[in-house]
Structures are given as C-alpha cells and as structure tokens.
Amino acid sequence: MDRNHTEFMRLALNEAKKAGQKDEVPVGAVLVSDSGQILSFAHNQVEKLSDPTAHAEILALRSGARKAFNYRLLNTTLYVTVEPCVMCMGAILHARVSRVVFGTYDPKWGAAGSLYNFSKDDRLNHQLEIVHGVCYEECRTLIQDFFRTRRIEQKNSK
C-alpha cells in the first residue's frame, strides 16, 4: 500500500504544481476509490474563482461526489499534499471519506493532527484514518518555496 500512497501522492504533487504556476497556494488533491480508481484530481483555485472554499480538497470532493452520484464518498482515500484545514476536514468528515493521506503538516491551519485532530474526535459521528508524511520533503519544499518567494516579492514591491 505504501507504494500506492507514493504514486497517488505524486499525482497530487502534480496538481499542486499546477496551482503554484497559477499563483495559487500550491496544494493538490487526488480522490481514489478503494479499488484504486481515481475519482478526481484538483488543485487550489481560491484566487481564480474568488472563492474561499475552492481548496484542492473541497474541489476534489465535489468532483468525486458528482462522479459517484453520491455526496457520501465511502471507502475512498483523499491524497493531499498539505494537511487539510478545519474547513476541509469538516467536508471530508461529512463526505465519510475513509482515509486521508497527506504529505506535510500545516501547523497554522491543520485539522488532521497538528493544530487540531478532527479525525480522532469521538464526539463526531465519523472517524477516519490519517496517514502523514508521504512524499514529505517534496510536499514541504513546494509549499515553503512558494511562501518564501511570495514574501520576497512582497518585500521588493514596497
């Protein structure tokens, strides 16, 4: 299964790179059925769509639900390059995704183990498996480089 995790995370990384090329925060996601069928690909489009909910995870869930003709995405795995935020984890839980696999933690917004851990909150009616650290270095470097470049650009524009 680890080999498959890496293969699917590489697809999510390709999506994240597409976002970065469009000056979006480089986060990518891939939704996969338990049989290994890819249900959807997505990357952040917050800027393009002027939509604060247009995170890669949300877009992948929407597309996957349309393909499955069901908002409940039972027996699926969501691969995402960066730990999902509170909003995305809420949607993931509502969709009944079975597993989230992510690359790097998000200590400022993360809700799958760093800042919060919605996946193990037994007060919620759904718990899911979390796998972290898949393609960690590449995911971490991609997001850090993006924000480092953005800070330099902002500093130089002043």
Side-chain angles (χ1 to χ4, degrees), residues 1-68 73 75-93 95-119 128-154:
M1 191 64 165
D2 286 342
R3 189 172 74 84
N4 287 339
H5 285 335
T6 300
E7 289 172 17
F8 289 124
M9 186 60 74
R10 293 217 183 283
L11 295 173
L13 276 159
N14 288 339
E15 287 295 311
K17 290 172 186 173
K18 289 178 192 176
Q21 291 165 355
K22 298 172 185 175
D23 208 28
E24 298 274 0
V25 175
V27 177
V30 177
L31 183 66
V32 180
S33 73
D34 61 349
S35 67
Q37 177 189 11
I38 295 172
L39 299 174
S40 62
F41 296 91
H43 56 272
N44 276 3
Q45 295 189 57
V46 172
E47 300 290 339
K48 177 184 178 187
L49 300 176
S50 297
D51 180 353
T53 70
H55 289 197
E57 300 94 323
I58 300 292
L59 297 174
L61 293 174
R62 286 178 183 160
S63 179
R66 281 191 301 271
K67 189 170 187 176
L73 297 167
N75 304 312
T76 59
T77 299
L78 183 66
Y79 292 86
V80 61
T81 55
V82 177
E83 177 185 7
C85 71
V86 170
M87 174 185 69
C88 292
M89 279 301 290
I92 289 163
L93 287 163
R96 308 300 196 274
V97 170
S98 299
R99 179 183 308 110
V100 170
V101 178
F102 68 88
T104 190
Y105 280 104
D106 183 348
K108 293 185 178 183
W109 289 96
S114 61
L115 188 58
Y116 299 103
N117 192 350
F118 286 6
S119 68
L128 64 147
E129 179 186 356
I130 299 290
V131 177
H132 60 87
V134 176
C135 300
Y136 168 78
E137 282 299 326
E138 195 171 351
C139 292
R140 183 178 66 89
T141 300
L142 185 63
I143 196 87
Q144 284 182 338
D145 287 353
F146 175 83
F147 284 112
R148 185 176 300 116
T149 300
R150 185 171 268 185
R151 283 190 299 273
I152 291 167
E153 289 170 353
Q154 287 174 349

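Bear in mind the structure is a predicted one, so any value in this text is a computation, not a measurement.
Inter-residue side-chain proximity for V25 and V46 is flagged as unmet; no heavy-atom pair is nearer than 4.5 Å. Under the 4.5 Å side-chain criterion, counting only non-hydrogen atoms from C-beta, V82 is not in contact with C139. M9 is listed as a side-chain neighbour of V101, based on a closest heavy-atom distance under 4.5 Å. When side chains are defined from C-beta on, I92 counts as touching P84, because their heavy atoms get closer than 4.5 Å. Between S98 and T77 the shortest side-chain heavy-atom distance does not fall below 4.5 Å. Within the 4.5 Å cutoff, the side chain of H43 has no heavy atoms near those of the E24 side chain. Side-chain contact check for R10 versus E7: every heavy-atom pair is 4.5 Å or farther apart. Within the 4.5 Å cutoff, no side-chain heavy atoms of P52 are placed close to those of M87.
Distance OG/S50 to CD/Q45: 11.5 Å, rounded to 0.5 Å. Atom OG of residue S40 and atom CZ of residue R62 lie 12.0 Å apart, to the nearest 0.5 angstrom. In this structure, T81 OG1 and E15 CD are separated by 10.0 Å, a value rounded to the nearest 0.5 Å. Between atom CD of residue E83 and atom CG of residue L115 there is a gap of 8.0 Å, rounded to the nearest 0.5 Å. The CZ atom of R96 sits 12.0 Å away from the OG1 atom of T76 when rounded to the nearest 0.5 Å. Taking CD1 from I58 and CG from D51, the interatomic distance works out to 9.5 Å, rounded to the nearest 0.5 Å.
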Is there a side chain to side chain contact (heavy atoms under 4.5 Å, CB included) between F146 and D23 once you walk through the steps?
CA-CA 9 Å; F146 175 83; D23 208 28; 4.0 Å; yes
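With salt bridges taken as basic N to acidic carboxylate O contacts below 4.0 Å, none links E153 and R150.
The environment of NZ in K22 is crowded: more than 12 heavy-atom neighbours from other residues, nucleotides or ligands sit within 6.0 Å.
Here the closest heavy-atom approach between residue A60 and residue A42 is recorded as N-CB, 3.5 Å.
With hydrogens and angles disregarded, no donor-acceptor distance shorter than 3.5 Å links the side chain of S63 to the backbone of L59. Although no hydrogens or angles enter the test, the distance criterion places a donor-acceptor pair under 3.5 Å between the side chain of N44 and the main chain of A56.
Below 30°, between 30° and 60°, or above 60°: for Y116 and F118 the angle between ring planes is between 30° and 60°, a tilted geometry.
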